[in-house]
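Model, not experiment: these values are computed from the prediction. Both backbone and side-chain heavy atoms feed into the values below; hydrogens, waters and symmetry mates do not.
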Amino acid sequence: MKITGFTIVVVCSNTREIFFRDFLESVVAQDYDNWEMYILDDDYSSNLENITKEFFPEDTRVHYRKLKNHKGKAYGINIGFHFAEGDYVLVTNCHDRLDSHCLYHMAGTIFDAAEPDILYSDHIDLEGIEKTKIHVKQDFNKELFIRNNYIGDMVAIKRDTIKKIGLMREVLSEAYLYEYLLRCMENKCRFYHIPKFLYYKRILSSDIYDSAIMQNNEIVIPEKKEGAIMGIIRSVFPDFMKNPVTGVDIDKEELIYKENMASVKAYLTRNNIKAKIDSEPLKRFWKVEYDGAGASIRSKDYMLLKDRDVKVSGKNYLEKMYGYIKQKDVAVVGVRFAKPFWTTENCGYIYDTDGNAYPAFYNYRLKDAGYDNLQLIPREIGMVDGAFCMISKKAYRSLGGFDTSLSGRDVMLDFCIRARKKGYRVVIEPSIIAKKNNSNIISEEGSHNRLVEKLGDELMKGDPFYSPNLAMGLENHKFMEADTSKGGEEYEKSRSNREPQPIRREGDVNRTGVV
């Protein structure tokens with residue numbers, strides 16, 4: 001097999017040495033050694049070159065560059081793109097930490113998945129040395145991604161893809177990676193999700209506390225750019241001016257948020273998609289509402305399925321749903337269903353490899369954001385509730401309609417799976433709430449057997465929008481306690497079957513200099 005080479009690109013800005021050392025330790029610990037690394041130092045003054053030499057005194061794979069122009073992180077990453085010689089470029093942050101099996105798992109995935117364009121993984125938040133929040137992600141979900149950068153800050157990009165897509169937008173100070181991935185999506189690049197925790201993102205919400213832990217209680221007070229009064233307040237109350245949900249500085253968060261929204265707006269404009277973009281109060285995601293004008297007079301474009309006992313609340317729900325159907329790649333749009341006492345009956349459905357469908361976010365309060373805010377954000381989903389949904393007539397004709405030999409939920413599950421197989425998307429719009437009297441739509445045993453026989457291969461792949469690290473059944477969207485980053489015996493078995501070997505380049509030397 002081909003041994004994949006990686007180029008790790010890390011841009012250092014406002015770097016805290018204690019966390020930079022921790023990052024380098026995680027690189028040293030990698031059990032896959034076919035890599036090189038470019039450290040692009042954008043700090044005005046730092047000791048990072050000496051620290052790098054301390055960790056890699058004679059390692060010719062590690063290259064330090066001092067950036068003299070100070071044009072921002074995107075500029076630094078572009079420099080890394082220019083020098084990279086690996087098959088994939090791994091973009092990460094200087095304060096984060098890689099799992100020791102990160103590159104090994106990526107190399108195995110690249111081989112098994114026929115060299116995707118973009119790889120990303122689950123991750124865990126770090127505060128000091130404490131693991132705090134776990135982020136279990138989905139396979140690539142276009143509708144979710146344009147409202148929230150759920151992919152994160154660590155990705156591996158195929159170098160051939162970089163040649164096709166081009167460089168990062170240097171005018172963006174924070175959203176450069178998100179905007180770049182939007183362009184990759186626009187160019188139909190293949191994204192691949194690795195359902196393992198391959199990196200740890202450091203949450204810098206407690207500067208002094210973190211430094212004290214990392215340095216055995218030997219407190220080092222970081223430099224402050226704020227005025228004296230604000231600096232004192234932040235020193236005594238490290239979470240002052242932090243968003244209680246994200247733990248990020250409010251002023252920086254606002255900039256990230258605005259740049260993300262601007263990037264989405266540019267994407268929509270380039271693709272002639274009319275939509276209104278608005279903010280969400282807690283900055284957890286941004287709202288994108290597609291233009292569905294003319295829905296009432298364009299019924300020839302869609303079918304509206306609605307059971308007799310279903311009642312829908314909210315204004316303009318027809319226009320909201322039609323805004324999705326106007327996009328040529330959307331086949332089905334579903335909504336969220338509510339039970340009495342303002343709880344969720346389903347926010348779409350998830351399904352297992354046996355074809356059993358379970359109501360997503362069952363029994364959650366309607367106002368609860370749910371796991372990683374997924375109950376509130378429009379997204380692609382495995383299956384919608386057929387009691388009320390909108391279907392593209394073009395997609396319906398293309399798929400030959402519903403399979404009338406099936407019954408109950410099997411009918412909609414079959415239709416949604418076939419739609420996705422043919423390149424269509426199935427979307428849920430949770431801002432539209434519906435209620436129904438009867439939620440027990442049971443599939444007959446014979447119907448279910450026919451479904452499994454008909455779509456067995458597709459079912460065995462699992463629900464593409466539901467992580468294997470989350471509980472299935474009515475307890476869905478809850479994390480299952482498991483060490484998925486190492487893989488235990490499974491990891492050791494796969495490693496013995498495919499032991500990675502380094503690739504050395506003749507004449508390779510450790511290069512340092514100023515760019």
Chemist: Of the options Asp96, Asp153, Asp125, which is the one that meets Lys201 in a side chain to side chain donor-acceptor pair (under 3.5 Å)?
Modeler: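 Looking at Asp96, Asp153, Asp125, the match for Lys201 under the side chain to side chain donor-acceptor pair (under 3.5 Å) is Asp153.
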
Chemist: Could you tell me if Lys435 sits above the aromatic ring of Trp342, with its cationic atom closer than 6.0 Å to the ring centre and no more than 45 degrees from the axis?
Modeler: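 Here Lys435 passes the 6.0 Å and 45° test against Trp342.
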
Chemist: If the plane angle is over 60° it's perpendicular, under 30° parallel, otherwise tilted; pick one for Phe479 and Phe197.
Modeler: perpendicular

Chemist: Are Lys320 and Glu429 within salt-bridge range, i.e. N to O under 4.0 Å?
Modeler: no

Chemist: Is it true that Lys142 and Asp329 make a salt bridge, defined as a side-chain N closer than 4.0 Å to a carboxylate O?
Modeler: yes

Chemist: Taking the basic N atoms (NZ, or NE/NH1/NH2) and the acidic carboxylate oxygens, is any pair closer than 4.0 Å for Arg450 and Glu453?
Modeler: no

Chemist: One thing to verify: whether Glu254 and Lys283 come together as a salt bridge, which I'm taking to mean a side-chain N less than 4.0 angstrom from a carboxylate O.
Modeler: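 Yes, charged N to carboxylate O under 4.0 Å.
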
Chemist: Salt bridge or not for Lys436 and Asp307, using N-O below 4.0 Å?
Modeler: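 Asp307 and Lys436: not salt-bridged.
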
Chemist: Does Phe388 have Lys311 sitting over its ring (NZ/CZ under 6.0 Å from centre, angle to axis within 45°)?
Modeler: no

Chemist: Determine whether more than 12 heavy atoms belonging to other residues, nucleotides or ligands lie under 6.0 Å from atom NZ of Lys164.
Modeler: yes

Chemist: Is the shortest side-chain N to carboxylate O distance from Lys133 to Asp372 below 4.0 Å?
Modeler: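 Result for this pair is yes, salt bridge flagged.
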
Chemist: Can you name the closest pair of heavy atoms from Ser26 and Leu98 and give their distance?
Modeler: OG-N, 3.1 Å

